[in-house]
Amino acid sequence: GQFDVARGPKAMQPTPRFPQAKWFHDYRVMFEQMSDQIDAVTICVPDHMHYPIAMEAIRRKKHVYVEKPLCRCITEVRALHAAAKKAGIVTQMGNQGRAAEGIRQAREWVQAGLIGQVHTVHAWTNHTHTLYSHPPYEDPPTGEPETPPDTLQYDLWQGVAPVRPYQRSRSHQSWRGYVDYGCGALGDWGCHQLDAANYALELGAPTSVEAMGTEEKKGTFPTSNTVTYRFPARGSRPAVEVRWFDGGLFPPQPVEGFQFADNGGSIFYGSKGLLWVNSHSASARLLPESRMQEMVSSLPAKSIPRVVGGPHLEWVNAIRTGGQCGSNFDYAAPLAEIALLGVAAVRARTRLEWDPIRAQVTNHAFANKYIGPGYEYRPGWGV
């Protein structure tokens with residue numbers, strides 16, 4: 001167990017099931033002292049430290065479960081994916097809806113033609129959006145530096161990121177709203193709410209992405225955004241437009257009286273009907289509800305194997321059997337890239353044309369800085 005440097009000593013309390021578990025403040029020390037006793041690692045620290053910790057684990061051929069959005073930028077995602085593939089380890093990204101029922105229903109129903117050819121998908125979240133944007137922040141900060149609590153080893157918390165004076169707003173719950181550490185609302189929720197569309201439609205890479213949002217302060221993300229992706233036709237599937245909404249913005253009403261849940265979901269628009277998938281792809285429904293009731297007795301048979309026990313058990317079982325998880329990096333890395341390309345567009349505040357082979361923005365050279373980390377990693381972290 002690694003000490004959660006932002007939550008304090010409660011994170012270091014031994015559990016009744018594992019009274020002999022060892023706790024460390026620094027994952028590097030943990031690996032030095034007991035690497036030969038470790039088979040697998042779960043990584044659920046702030047986004048900016050996913051890459052260095054996961055890379056160190058992969059170098060040591062440890063199986064990894066990495067929380068979404070996998071990494072903080074696309075160059076990190078590609079490097080991590082390649083390293084994991086070379087190491088031959090079992091991987092899983094923490095977009096737990098990939099193991100859920102709704103995402104399987106969405107794929108089965110779309111492939112069976114229940115809503116015809118899908119041409120548009122709307123996805124959203126409004127979950128605690130105040131965590132994703134902040135009061136004015138300049139570089140250096142305009143606010144006075146604060147004293148870190150005794151329970152926080154702030155230098156370890158900063159990790160690879162640039163050295164900044166400690167301020168509570170940047171290093172506790174709201175770190176996702178700062179570009180040094182997080183990826184805003186889209187980075188946090190995109191891999192959940194875009195997952196059903198990615199799986200059901202086999203989206204691939206978009207050709208362009210365009211973001212519009214409220215004004216942001218330097219170093220932070222806008223309070224509200226809408227992002228439009230365009231995916232080219234693929235096989236028998238036509239081109240698809242995917243639109244993202246967050247921070248109090250919601251899609252147009254799909255049917256009269258539809259209630260948009262704050263935590264989010266997605267709505268598929270097809271030539272023959274509509275499909276709603278709720279947050280984390282937990283379940284799927286045809287819209288309007290009268291259509292769902294009409295079709296309930298003649299829905300397609302379940303053709304995709306179901307996951308029993310959730311994504312963590314799926315990962316553990318794959319390690320034991322040599323199998324593969326639903327959100328293994330071959331699947332998860334392209335999904336993470338979709339979310340992170342949207343984050344790049346939010347930061348660039350313009351339309352980006354995308355070359356997925358070269359991993360480059362082709363119409364605005366300046367925007368390519370948002371495809372990478374955007375800063376030099378601090379030395380001493382192995383990246």
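In this structure, a donor-acceptor pair under 3.5 Å is absent between the side chains of T362 and D355.
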I would like to know whether Q324 and V90 meet side chain to side chain contact (heavy atoms under 4.5 Å, CB included); could you show each step before the answer?
CA-CA 7 Å; Q324 196 173 64; V90 175; over 6 Å; no
What's the verdict on ring pair (Phe, Tyr, Trp, His ring centres under 6.0 Å) for Y181 and W157, showing C-alpha distance, side-chain angles and the deciding distance?
CA-CA 10 Å; Y181 317 120; W157 189 93; 4.7 Å; yes
Test salt bridge (charged side-chain N to carboxylate O under 4.0 Å, His left out) on E56 and K62; report intermediate values, then the result.
CA-CA 9 Å; E56 183 61 31; K62 311 304 179 187; over 6 Å; no
Decide ring pair (Phe, Tyr, Trp, His ring centres under 6.0 Å) for H122 and F268; before the verdict, give the C-alpha distance in whole Å, the side-chain angles of both, and the deciding distance to 0.1 Å.
CA-CA 7 Å; H122 291 165; F268 293 56; over 10 Å; no
Please lay out, stage by stage, how H280 and W189 fare under the test ring pair (Phe, Tyr, Trp, His ring centres under 6.0 Å).
CA-CA 9 Å; H280 296 68; W189 285 86; 5.3 Å; yes
Start with the C-alpha distance between W244 and D246, add both sets of side-chain angles, then the distance that settles side chain to side chain donor-acceptor pair (under 3.5 Å), and finish with yes or no.
CA-CA 7 Å; W244 170 266; D246 67 43; 2.9 Å; yes
Run W23 and M30 through side chain to side chain contact (heavy atoms under 4.5 Å, CB included) and show every step you take.
CA-CA 8 Å; W23 296 86; M30 178 188 73; over 6 Å; no
What do the steps show when you test E146 against R168 for salt bridge (charged side-chain N to carboxylate O under 4.0 Å, His left out), and what is the final call?
CA-CA 7 Å; E146 302 167 16; R168 179 177 176 82; over 6 Å; no
Let's go through S283 and N278 carefully: what are the C-alpha distance in whole Å and the side-chain angles of both, what is the deciding distance for side chain to side chain donor-acceptor pair (under 3.5 Å) to 0.1 Å, and is it a yes or a no?
CA-CA 6 Å; S283 66; N278 70 359; 3.2 Å; yes
What's the verdict on salt bridge (charged side-chain N to carboxylate O under 4.0 Å, His left out) for R78 and E76, showing C-alpha distance, side-chain angles and the deciding distance?
CA-CA 5 Å; R78 293 208 171 187; E76 291 180 347; over 6 Å; no
Could you check E210 against Y229 for side chain to side chain contact (heavy atoms under 4.5 Å, CB included), going step by step and ending with a plain yes or no?
CA-CA 7 Å; E210 183 173 13; Y229 298 89; over 6 Å; no
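One distance of note links SG of C325 with OH of Y331; it measures 13.5 Å at 0.5 Å rounding. A distance of 11.5 Å separates NZ in K218 from CD in E216, rounded to the nearest 0.5 Å. Taking CD1 of I371 as the start and CD of Q360 as the end, the distance is 9.5 Å to the nearest 0.5 Å. Atom CG of L80 and atom OG1 of T75 lie 11.0 Å apart (nearest 0.5 Å). With rounding to the nearest 0.5 angstrom, the CG atom of L70 is 11.0 Å from the CD atom of Q92. To the nearest 0.5 angstrom, D155 atom CG is 14.0 Å from Y166 atom OH.
Note on ring orientation: taking the six-membered ring where Trp is involved, the planes of Y65 and W315 are perpendicular (angle over 60°, cut-offs 30° and 60°).
Around the CD atom of Q293, the shell of radius 6.0 Å holds more than 12 heavy atoms that belong to other residues, nucleotides or ligands. For Q37, the CD atom sits in a packed shell: over 12 heavy atoms of surrounding residues, nucleotides or ligands are nearer than 6.0 Å. Within a 6.0 Å radius of CZ in R320, no more than 12 heavy atoms belonging to other residues, nucleotides or ligands are found. Within 6.0 Å of the CD atom in Q173, the count of heavy atoms belonging to other residues, nucleotides or ligands does not exceed 12.
For the pair T228/V209, no side-chain contact is recorded, criterion being any heavy-atom separation below 4.5 Å from C-beta on. Residues V277 and I103 fail the side-chain proximity criterion, which asks for heavy atoms closer than 4.5 Å. Within the 4.5 Å cutoff, side-chain heavy atoms of K22 are placed close to those of M34. Proximity of H48 to Y377: side-chain heavy atoms (C-beta onward) are nowhere separated by under 4.5 Å. For the pair L274 and L286, the minimum side-chain heavy-atom distance is 4.5 Å or more. Using a 4.5 Å heavy-atom threshold, the side chains of L275 and L114 count as separate.
In terms of modelled atom types and a separation under 3.5 Å, the side chain of K68 and the main chain of H192 share no donor-acceptor contact. A donor-acceptor distance shorter than 3.5 angstrom exists from the side chain of N126 to the backbone of G248, with no hydrogens or angles considered. Of the possible polar contacts, one joining the T125 side chain to the N263 backbone as a donor-acceptor pair under 3.5 Å is found. Side chain of E108 to backbone of I304: a donor-acceptor contact under 3.5 angstrom is found. A donor-acceptor contact shorter than 3.5 Å is absent between the side chain of Y132 and the backbone of P222. Looking only at distances, no side-chain donor or acceptor of R243 sits under 3.5 Å from a matching main-chain atom of P251. Between the side chain of R378 and the backbone N or O of G159 there is at least one donor-acceptor pair closer than 3.5 Å. A donor-acceptor pair is defined here as one N or O able to donate and one able to accept, closer than 3.5 Å; such a pair exists between the side chain of T207 and the backbone of R230. Side-chain N or O atoms of S266 include none that pairs as donor or acceptor with a backbone N or O of A123 at under 3.5 Å. T91 places a side-chain N or O within donor-acceptor distance of the main-chain N or O of F329, the cut-off being under 3.5 Å.
Here E101 does not pair with R104 in a salt bridge; the nearest charged N to carboxylate O distance is not below 4.0 Å. Look at E289 and R291 and you find no salt bridge, because none of the NZ, NE, NH1 or NH2 atoms lies under 4.0 Å from a carboxylate O. Of the charged side-chain nitrogens involved, at least one lies within less than 4.0 Å of a carboxylate oxygen, so that K85 and D330 count as a salt-bridged pair. Using a cutoff of 4.0 Å between basic side-chain nitrogens and carboxylate oxygens, D180 and R170 are not scored as salt-bridged. A salt bridge does not link D47 with R72: none of the charged nitrogens is closer than 4.0 Å to a carboxylate oxygen. E32 and R28 are not joined by a salt bridge, as no carboxylate oxygen comes within less than 4.0 angstrom of a charged side-chain nitrogen.
Within the cation-pi definition used here (under 6.0 Å to the ring centroid, within 45° of the axis), R347 does not qualify as a partner of Y370.
When the side chains of ILVMFWY residues are joined at heavy-atom separations under 4.5 Å, either directly or via intervening members, M292 and V110 end up in a single hydrophobic cluster. No chain of hydrophobic side-chain contacts below 4.5 Å, direct or via other Ile, Leu, Val, Met, Phe, Trp or Tyr residues, connects L249 to M212. Residues I89 and V316 do not share a hydrophobic cluster, defined by chaining ILVMFWY side chains whose heavy atoms lie under 4.5 Å apart. Under the 4.5 Å side-chain heavy-atom criterion for ILVMFWY residues, no single connected hydrophobic cluster contains both L313 and V307. By the criterion of side-chain heavy atoms lying less than 4.5 angstrom apart, applied directly or through intervening Ile, Leu, Val, Met, Phe, Trp or Tyr residues, L203 is grouped together with V121 in one hydrophobic cluster.
Of the options R234, R107, R237, a salt bridge (charged side-chain N to carboxylate O under 4.0 Å, His left out) to E202 is made by R107 and by none of the others. Under the ring-ring contact (aromatic ring centres under 6.0 Å, His included) test applied with W124, the options F260, F245, W276 reduce to a single match, F260.
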